[in-house]
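For reference, the structure is listed below as structure tokens.
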Amino acid sequence: MAKSKPVFKIKSFGIYNQWNAKEKNLPEIQEFTTNIKAILDVEFGFIINIKKAKGEKIQYCIYHPDIPDANGIPLPPFDGEVYITNNDWNFYLGDTIWLPIENKLGLWRMTIEFKGVVIAEKKFSLYEDLPSAYLY
């Protein structure tokens, strides 16, 4: 019998309540948006639902607007991988803003790959007080 193909669906995206990675529950959506006002500790990202892929793994990556390290060198994108733990699984990919806020402004791109193929992607525009014409 042939194995069913996995099903991928973005459930929500935007601003979430504060999330603790050590807790079992995922954060709750507060506002659906891709335009994020850059304020300290704002939590943003997306939740994807994956069905029929238990035991497989996904790779995630958060491309940020060249946030510098202590020496002024841009940090690499944040990336990693995680195993899918059941056949109806939700995963949160997100980040938050820390000080200084000014170097976090701009376009953030978040991707999730499955077997080398991008299965989910969201772009977020982080701004301070830009006119709406500049937002993604």
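Computed from a predicted model, the values in this text were never measured in an experiment. The first residue of the sequence shown is numbered 1, and numbering continues consecutively from there. Keep in mind that the numbers below use all heavy atoms, side chains included, and drop hydrogens, waters and symmetry copies.
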Under a single-linkage definition using a 4.5 Å side-chain heavy-atom cutoff for Ile, Leu, Val, Met, Phe, Trp and Tyr, are [X] and [Y] assigned to the same hydrophobic cluster?
| X | Y | answer |
| --- | --- | --- |
| Leu126 | Ile101 | yes |
| Trp19 | Ile10 | yes |
| Val82 | Phe114 | yes |
| Leu93 | Val7 | no |

So which heavy atom on [X] is nearest to which on [Y], and how close?
| X | Y | result |
| --- | --- | --- |
| Gly106 | Trp108 | O-CD1, 3.5 Å |
| Gln59 | Glu81 | NE2-OE1, 3.6 Å |
| Ala120 | Phe46 | CB-CE1, 3.7 Å |
| Glu28 | Asn17 | N-OD1, 2.6 Å |
| Glu128 | Lys37 | O-NZ, 2.7 Å |

For this session: Using the six-membered ring of Phe13, assess whether NZ or CZ of Lys122 lies under 6.0 Å from its centre and within 45 degrees of the ring axis.
Result: yes
Problem set entry | Reference residue Lys104; test side chain to side chain contact (heavy atoms under 4.5 Å, CB included); the match among Ile67, Ile36, Thr96 | Ile67
Problem set entry | Parallel, tilted or perpendicular: ring planes of Tyr60 versus Phe91, cut at 30 and 60 degrees | tilted
For this session: Report the C-alpha separation of Asn49 and Ile47 in whole Å, then their side-chain angles, then the decisive distance to 0.1 Å, and conclude whether the side chain to side chain contact (heavy atoms under 4.5 Å, CB included) test is met.
Result: CA-CA 7 Å; Asn49 177 260; Ile47 292 177; over 6 Å; no
So do the side chains of [X] and [Y] get within less than 4.5 Å of each other, counting heavy atoms only?
| X | Y | answer |
| --- | --- | --- |
| Asp79 | Ile62 | no |
| Glu121 | Met110 | no |
| Ile15 | Val42 | yes |
| Leu40 | Leu99 | yes |

For this session: Might you work through the side chain to side chain contact (heavy atoms under 4.5 Å, CB included) test for Lys11 and Asn90, ending with a clear yes or no?
Result: CA-CA 9 Å; Lys11 290 181 64 173; Asn90 292 320; 3.2 Å; yes
Problem set entry | Centroid separation Tyr16 to Tyr92 less than 6.0 Å | yes
Exercise. Do Phe124 and Asn35 pass the side chain to side chain contact (heavy atoms under 4.5 Å, CB included) test, and can you show the C-alpha distance, the side-chain angles, and the key distance before you say yes or no?
Worked result: CA-CA 6 Å; Phe124 299 93; Asn35 297 314; over 6 Å; no
